[in-house]
K.L.:
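This is the structure I want to talk about, given as C-alpha cells.
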Amino acid sequence: MIKEFKLPELGENIETAQIVKIMVSPGDEIKVDQIVLEIETDKATIEVPSEFAGVVKEVMVKDGDTAKVGQVIFTVEEQGETGQKKQEPEKEIIPENTTEPEPAKTEKPKTEVKDKGIYEFKLPDLGENIESAQIVKFLVKEGDSVENGQVLFELETDKATIEVPSEVSGVVKEIRAKDGDVVKVGDVILLIETGKVSVDSKKESEPVHEEKLEQQPEIKAEETPSVQPERKSVPPHVPKRSGMPEKIAPAAPSVRRFAREIGIDINQVRGTGPGGRISIDDVKKFAKTLNQSLSGSGGTLAVTGIKQEPLPDFSKFGEIEVQPMNNIRKKTAEHLSFAWATIPHVTQFDAADITELEKLRKKYSKKAEAVGGKLTITAILLKVIAFALKKFPQFNASIDLQKNEIIYKKYFNIGVAVDTDRGLIVPVIRDVDKKNVLELSAELSQISEKARAKKITLEDLQGGNFTISNLGGIGGTGFTPVVNSPEVAILGVSRGKLEPVYVDGEFVPRLILPLSLSYDHRIIDGADAARFLRWVAEALEQPFLLILD
C-alpha cells in the first residue's frame with residue numbers, strides 16, 4: 001500500500017516551511033519515528049519524524065524548496081505489503097531430489113549418536129541476555145580436521161572476547177560466516193562432518209537419510225529458517241501510533257537539543273511562550289515534575305541518552321581514517337553514558353601519606369612474587385576497601401528506585417579497571433574479605449593478564465560491588481571516575497609523589513597518594529563520603545589500624 005508523507009501541522013499559524021535537508025532517498029527503508037526531514041520555519045529548525053515504516057518510493061521535493069503544510073513530501077510503500085512476501089519463506093527448505101519432506105527443526109535435547117552425519121555448530125548461549133556477538137577471527141578453515149574441545153573461532157561480545165571450542169570431532173565442511181560478522185545465538189556457524197551425528201531420542205527409530213545430509217551444505221545460510229520467529233511487519237491499515245504528536249512541538253533547536261540530552265520527549269512538554277512556544281525553563285520544569293511523580297510512584301525517570309548531532313564531513317579539512325568501534329568500546333560508551341545520565345555524581349578528593357606503607361610494600365614484594373603476584377598499591381587497596389565496605393555498608397549497596405529499596409550486599413567483590421588494547425575492562429576479584437594481601441596480589445596479576453590476553457570470561461566480569469581505577473602507573477594528579485552502575489561508588493587512584501610535609505617543626509619529604517571517590521548522591525551523603533575516604537586514607541597511612549578495627 002502506497003502512503004503519502006505530508007508536511008505536518010506546525011502550529012502557531014505557520015503555513016509553510018523551508019526544506020533544509022531531505023534525509024531519505026528512493027529505495028531507503030525507514031522506520032516509525034525515524035527522522036526523515038529537517039525543516040526551517042521563521043521560528044525554529046525542526047526535525048520531522050516518519051509516522052509509518054516502509055520503503056521510500058518517490059521524493060517530491062529537494063533541499064531548499066519551500067513546502068506548504070499538507071503538501072506531499074514523499075511516498076512510501078508500507079511494510080504491510082512488502083512484509084507479507086517476506087513471511088512466505090518460512091516454509092521449510094527441502095532439497096529438490098528429496099522424495100519426502102523433512103520434519104520441522106526444533107531445539108530438543110540430543111541423546112543418541114548415529115553413524116555418518118553433518119553436525120551443525122551453532123552459536124551457543126552466551127548468558128546475561130546476550131543475543132548476538134561479533135566474530136573476531138576464525139581459527140579453522142574448510143577441510144580442516146578438528147577435535148572435541150579445539151577452539152574454532154574468537155568471539156567478541158559487549159563484555160569480553162571469548163574463545164569458542166568445538167563440541168565434536170570431525171572435518172569442517174562449510175563455514176557460514178566470516179571474520180567481522182555479527183551472529184545471533186542459535187545461528188549455524190559451521191558444518192562439521194563428524195562420522196557420527198547426535199539425534200533426538202524421540203526420533204531414534206527414524207533412519208538418517210544420507211542423501212539429505214550430503215545436500216545440506218548446499219542450502220544457503222540466508223535461506224535456512226531462523227531459530228527465532230521472524231518479526232511480523234506492520235499491517236497496511238494501522239491506526240496512528242499512540243504518543244505520535246499531531247503537531248511538531250514549537251521549540252528552538254537549542255531547546256530540542258537540551259531536551260534530548262536529558263532524555264525528555266519534547267512533544268510532551270507544554271510551552272508557556274507565545275503560541276505555546278517551549279523554552280528551556282519549560283523543559284526543566286517538566287523534567288522535575290516527571291521525576292518527582294515517578295519517584296513517588298516507585299518509578300524512575302526514563303533516560304534515552306544523548307542523541308548525537310550529524311557530524312561535518314571532516315575529509316574536507318584534511319586526511320582522515322575511519323575505524324569501526326569494537327563491541328567492548330561500544331558497550332563501554334553506552335554503559336557509561338547511561339551511568340552518567342542516571343546517577344547524580346559527586347566526587348570527593350583526599351590524599352594519603354603512604355611513606356611508611358611504601359617501605360613495607362618493597363620489603364615484602366619478594367613474598368608476593370614467590371606466589372605468582374606483584375605487591376602493588378592496588379592489591380593493598382583491595383584489602384583496605386573490603387574493610388571499608390564492612391564499616392560503611394551503604395557503599396556496598398545498590399539502589400532500586402522502581403521498588404524504593406536499597407539492596408545491601410553481604411559479600412565483598414571488588415572490580416579493578418584494566419587498560420587493554422580493546423578498551424577498558426573491569427574484571428572482578430571475589431570474596432576479597434576472605435583473602436590475604438599476598439593471595440589478592442597473585443589473583444590480581446592473573447586476572448589482569450587474562451584481560452589483556454583476551455582470555456577473560458563473562459563470569460570474571462560479573463558480580464562487582466565496588467570498583468578501583470588506578471591510573472598512577474600512567475600519571476596525573478587526580479580525576480573524577482564515573483560510577484560503574486549498578487554500583488554506587490568508585491575509587492580513583494592517581495600517581496603518588498614526594499611533597500614537603502611539616503612534621504615536628506620542620507618540612508620533610510613524604511610520599512603522598514591522591515585519591516578520588518565518586519559516588520551516587522541518591523544513596524550516599526557528602527559527609528559519609530568524606531568519612532569513607534578519610535578512613536581509607538588513614539588505613540593506608542597506618543595499616544595497624546586494620547587489625548584494631
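Computed from heavy atoms alone, side chains included, the values below leave out hydrogens, waters and symmetry copies. Because the structure is predicted, anything quoted here is derived from the model rather than measured.
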K.L.:
Check whether any side-chain heavy atom of L389 sits under 4.5 Å from a side-chain heavy atom of F466, and report yes or no.
P.N.:
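Contact flag for L389/F466 side chains = yes.
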K.L.:
In sequence, state the C-alpha distance, the side-chain angles, and the governing distance for K178 and D181, and then conclude on salt bridge (charged side-chain N to carboxylate O under 4.0 Å, His left out).
P.N.:
CA-CA 6 Å; K178 61 182 184 298; D181 281 359; 3.2 Å; yes
K.L.:
Would you compute the distance between atom CG of D433 and atom CG of L382 and round it to the nearest 0.5 angstrom?
P.N.:
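Between atom CG of D433 and atom CG of L382 there are 11.5 Å.
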K.L.:
Hey, could you give me the CG/OG distance between L190 and S166, rounded to the nearest 0.5 Å?
P.N.:
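Interatomic distance, L190 CG to S166 OG, rounded to 0.5 Å: 8.0 Å.
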K.L.:
So do the side chains of T420 and V418 get within less than 4.5 Å of each other, counting heavy atoms only?
P.N.:
yes
K.L.:
Here's a test for you: under side-chain contact (heavy atoms from CB on, under 4.5 Å), which of N465, I343, D520 qualifies with V488?
P.N.:
D520
K.L.:
Holding to side-chain hydrogen bond (donor to acceptor under 3.5 Å, both in side chains), I want the full list of residues that pass it with E538, two or more places apart in sequence or in another chain.
P.N.:
none
K.L.:
Can you confirm whether L491 sits close enough to T467 that some side-chain heavy atom of one is under 4.5 Å from a side-chain heavy atom of the other?
P.N.:
no
K.L.:
Does this structure show an ion pair linking K455 with E163, if we count only N-O contacts that are shorter than 4.0 Å?
P.N.:
yes
K.L.:
According to ring-ring contact (aromatic ring centres under 6.0 Å, His included), does anything in residues 393-414 pair up with another residue at least two apart or in another chain? List the pairs.
P.N.:
F395-F532
K.L.:
Looking only at atom types and distance, does a side-chain atom of D400 sit under 3.5 Å from a main-chain N or O of Q402, one as donor and one as acceptor?
P.N.:
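At least one qualifying donor-acceptor pair exists.
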K.L.:
Can any side-chain N or O of R510 pair as donor or acceptor with the backbone N or O of P500 at less than 3.5 Å?
P.N.:
no
K.L.:
Could you pull out all residues at least two apart from K383 that satisfy side-chain hydrogen bond (donor to acceptor under 3.5 Å, both in side chains)?
P.N.:
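Partners of K383 under the side-chain hydrogen bond (donor to acceptor under 3.5 Å, both in side chains) test: none.
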K.L.:
Answer yes or no: is there a donor N or O on one side and an acceptor on the other, between the side chain of S494 and the main chain of P514, under 3.5 Å?
P.N.:
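No.
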K.L.:
Quick one: does any side-chain atom of S398 pair with a main-chain N or O of P486 as donor and acceptor, under 3.5 Å?
P.N.:
yes
K.L.:
State, to 0.1 Å, how close Q462 and R430 come at their nearest heavy-atom pair, and which atoms those are.
P.N.:
O-NH2, 2.8 Å
K.L.:
Looking only at atom types and distance, does a side-chain atom of N413 sit under 3.5 Å from a main-chain N or O of D431, one as donor and one as acceptor?
P.N.:
yes
K.L.:
Mind checking what makes side-chain contact (heavy atoms from CB on, under 4.5 Å) contact with E439, not counting sequence neighbours?
P.N.:
K435, N436
K.L.:
Just by modelled atom types, is the F338 backbone N or O under 3.5 Å from a matching donor or acceptor in the H335 side chain?
P.N.:
no
K.L.:
Roughly how far apart are S516 OG and F349 CZ, rounded to 0.5 Å?
P.N.:
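The distance works out to 4.5 Å.
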K.L.:
Considering all heavy atoms of both residues, which atom of V482 and which atom of A339 are nearest to each other, and what is their separation?
P.N.:
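Scanning both residues completely, I find the closest heavy atoms to be CG1-CB, 4.2 Å.
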K.L.:
Contact between I189 and K122 at the side-chain level, heavy atoms closer than 4.5 Å - yes or no?
P.N.:
no
K.L.:
Any side-chain heavy atom of V426 within less than 4.5 Å of one from V416?
P.N.:
no
K.L.:
For the residue pair S518 and T480, confirm or rule out a side-chain donor-acceptor distance under 3.5 Å.
P.N.:
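No pair is found: no donor N or O on one side chain lies under 3.5 Å from an acceptor on the other.
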K.L.:
May I have the step-by-step check of side-chain hydrogen bond (donor to acceptor under 3.5 Å, both in side chains) for E167 and Y119, ending in yes or no?
P.N.:
CA-CA 9 Å; E167 301 168 356; Y119 180 82; 2.3 Å; yes
K.L.:
Starting at CD of Q134, measure out to CG of D179 and round the result to the nearest 0.5 Å.
P.N.:
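CG of D179 is found 9.5 Å from CD of Q134.
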K.L.:
Hey, does the side chain of E541 reach the backbone of D353 with a donor-acceptor pair shorter than 3.5 angstrom?
P.N.:
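It does hold such a pair.
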K.L.:
Between V172 and V146, does a side chain to side chain contact (heavy atoms under 4.5 Å, CB included) hold up when you go through it step by step?
P.N.:
CA-CA 7 Å; V172 178; V146 297; 3.9 Å; yes
K.L.:
Going by salt bridge (Lys or Arg N to Asp or Glu O under 4.0 Å), name the residues that satisfy it together with K141, two or more places apart in sequence or in a different chain.
P.N.:
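K141: salt bridge (Lys or Arg N to Asp or Glu O under 4.0 Å) contacts with D144.
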K.L.:
According to side-chain hydrogen bond (donor to acceptor under 3.5 Å, both in side chains), who are the partners of D282, at least two apart in sequence or on a separate chain?
P.N.:
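With sequence neighbours excluded, D282 shows a side-chain hydrogen bond (donor to acceptor under 3.5 Å, both in side chains) to T272, S279, given in chain and number order.
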K.L.:
Mark yes or no for whether N396, through its side chain, and K409, through its backbone, hold a donor-acceptor pair below 3.5 Å.
P.N.:
yes
K.L.:
Is there side-chain contact between E174 and R176, with at least one heavy-atom pair below 4.5 Å?
P.N.:
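In contact.
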K.L.:
Do the non-hydrogen side-chain atoms of S469 and V493 ever get within less than 4.5 Å of each other?
P.N.:
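SC-SC contact between S469 and V493 ruled out.
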K.L.:
Roughly how far, to the nearest 0.5 Å, is the CD1 atom of I490 from the NE2 atom of H345?
P.N.:
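Interatomic distance, H345 NE2 to I490 CD1, rounded to 0.5 Å: 8.0 Å.
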K.L.:
Can you tell me how far CD1 of I399 sits from CD of E487, rounded to the nearest 0.5 angstrom?
P.N.:
14.5 Å
K.L.:
Verify side chain to side chain contact (heavy atoms under 4.5 Å, CB included) between K374 and S445, making sure each step is shown before the conclusion.
P.N.:
CA-CA 7 Å; K374 189 175 181 182; S445 296; 4.0 Å; yes
K.L.:
Residues in side-chain hydrogen bond (donor to acceptor under 3.5 Å, both in side chains) with N470, at least two apart?
P.N.:
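By the side-chain hydrogen bond (donor to acceptor under 3.5 Å, both in side chains) rule, N470 matches T378.
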K.L.:
For residues T347 and L517, determine if any side-chain heavy atom of one lies less than 4.5 Å from a side-chain heavy atom of the other.
P.N.:
no
K.L.:
State, to 0.1 Å, how close A388 and V536 come at their nearest heavy-atom pair, and which atoms those are.
P.N.:
CB-CG2, 4.0 Å
K.L.:
According to salt bridge (Lys or Arg N to Asp or Glu O under 4.0 Å), who are the partners of D528, at least two apart in sequence or on a separate chain?
P.N.:
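For D528, the residues satisfying salt bridge (Lys or Arg N to Asp or Glu O under 4.0 Å) (neighbours in sequence not counted) are R531.
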K.L.:
May I ask you to decide if I175's main-chain N or O and E142's side chain share a donor-acceptor pair within less than 3.5 Å?
P.N.:
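Yes: the side chain of E142 pairs with the backbone of I175.
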K.L.:
Looking only at heavy atoms, what is the nearest atom pair of Q150 and S145, with distance?
P.N.:
OE1-O, 3.9 Å
K.L.:
What residues form a salt bridge (Lys or Arg N to Asp or Glu O under 4.0 Å) with E449, not counting sequence neighbours?
P.N.:
none
K.L.:
Let me see the working for V269 and V255 under side chain to side chain contact (heavy atoms under 4.5 Å, CB included), right down to the final yes or no.
P.N.:
CA-CA 11 Å; V269 181; V255 177; over 6 Å; no
K.L.:
Not counting sequence neighbours, which residues clear salt bridge (Lys or Arg N to Asp or Glu O under 4.0 Å) with E499? List them please.
P.N.:
none
K.L.:
Inspect the contact between K367 and E369 and indicate whether a charged nitrogen and a carboxylate oxygen are less than 4.0 angstrom apart.
P.N.:
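Looking at K367 together with E369, the answer is no, because their closest N to O distance does not fall below 4.0 Å.
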K.L.:
Tell me, please, which residues at least two apart from V136 pass side-chain contact (heavy atoms from CB on, under 4.5 Å).
P.N.:
E154, E156
K.L.:
Quick one: list whatever passes ring pair (Phe, Tyr, Trp, His ring centres under 6.0 Å) with Y502, sequence neighbours left out.
P.N.:
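Listed in chain order: F507.
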K.L.:
Take L381 and T376 through the test side chain to side chain contact (heavy atoms under 4.5 Å, CB included) and record every step on the way to the result.
P.N.:
CA-CA 9 Å; L381 273 169; T376 63; over 6 Å; no
K.L.:
Work out which heavy atom in G526 is nearest to a heavy atom in Y519; give both atom names and the distance.
P.N.:
CA-OH, 3.3 Å
K.L.:
Specify the closest pair of heavy atoms between L155 and A133, including all atoms of both residues, with the distance to one decimal.
P.N.:
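It is CG-CB, 3.5 Å.
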